[in-house]
Amino acid sequence: MSERLTETPPNVTLGPLDLIPDGKARNFVLEMRAGRFHGFVVRRGETVHGYLDLCAHMALPLTNRLDDYLTPDGGHIQCSWHGALYRVEDGTCVGGPCVGARLRRWPVTVHDGMIVTS
C-alpha cells in the first residue's frame, strides 16, 4: 500500500473547469512516486476550492460515494459519516461534532480555463 500524501506539487493540471459542473464537487486521486494524494475540488462559478479528502473530526474520507461531498442544496461540504458541515469557501466546520475545526486546504486555481494545483 502506498503512503497517503497531504500535498501535491504546483502546476499539475487536473482538467478543464467544465469538468466540474457549477455548484458541484469532484474527487481527484493523484498517484505520485512518493504515494497517493486524495483530494476534491468544489466549483463556484469561475472559482474553485480544493481540500484534502479527510474529515477534520475523524480523519476519514469525507464521503463513501464518489464525488458526493456537498449537501443536497450545494451550500456546504458534508461528511457522510458523522454529518459535520463545512463552509465551501474556507473549510471551517459550522455544524456537527467538530465545530470550529477546518478541512485542510489543497491549493488549486483556474488558469486559462484549466484547474491547476498551485
Which heavy atom of [X] sits nearest to which heavy atom of [Y], and what is that distance?
X     : Y      : result
Val29 : His38  : CG2-ND1, 3.5 Å
Ile20 : Ile115 : CD1-CD1, 3.6 Å
Ser80 : Asn64  : OG-N, 3.3 Å
Asp53 : Thr63  : OD1-N, 4.3 Å

Answer whether the closest heavy-atom distance between the side chains of [X] and [Y] falls below 4.5 Å.
X     : Y      : answer
Tyr86 : Val94  : no
Thr6  : Phe37  : no
Tyr51 : Arg105 : yes
Thr71 : Leu85  : yes

Q) Can Thr8 and Trp106 be counted as having a side-chain donor-acceptor contact under 3.5 angstrom? A) yes
Q: Could you tell me the separation between the CG atom of Leu62 and the CG atom of Asp68, rounded to the nearest 0.5 Å?
A: 10.5 Å
Q. Can you tell me if Ser118 uses its side chain to pair, donor with acceptor, with the backbone of Pro10 under 3.5 Å?
A. no
Q | Backbone N/O of Pro61 and side chain of Trp81: donor-acceptor pair under 3.5 Å | A | yes
Q: Indicate the ring-plane relationship of His57 and His82, choosing parallel, tilted or perpendicular according to the 30° and 60° boundaries.
A: perpendicular
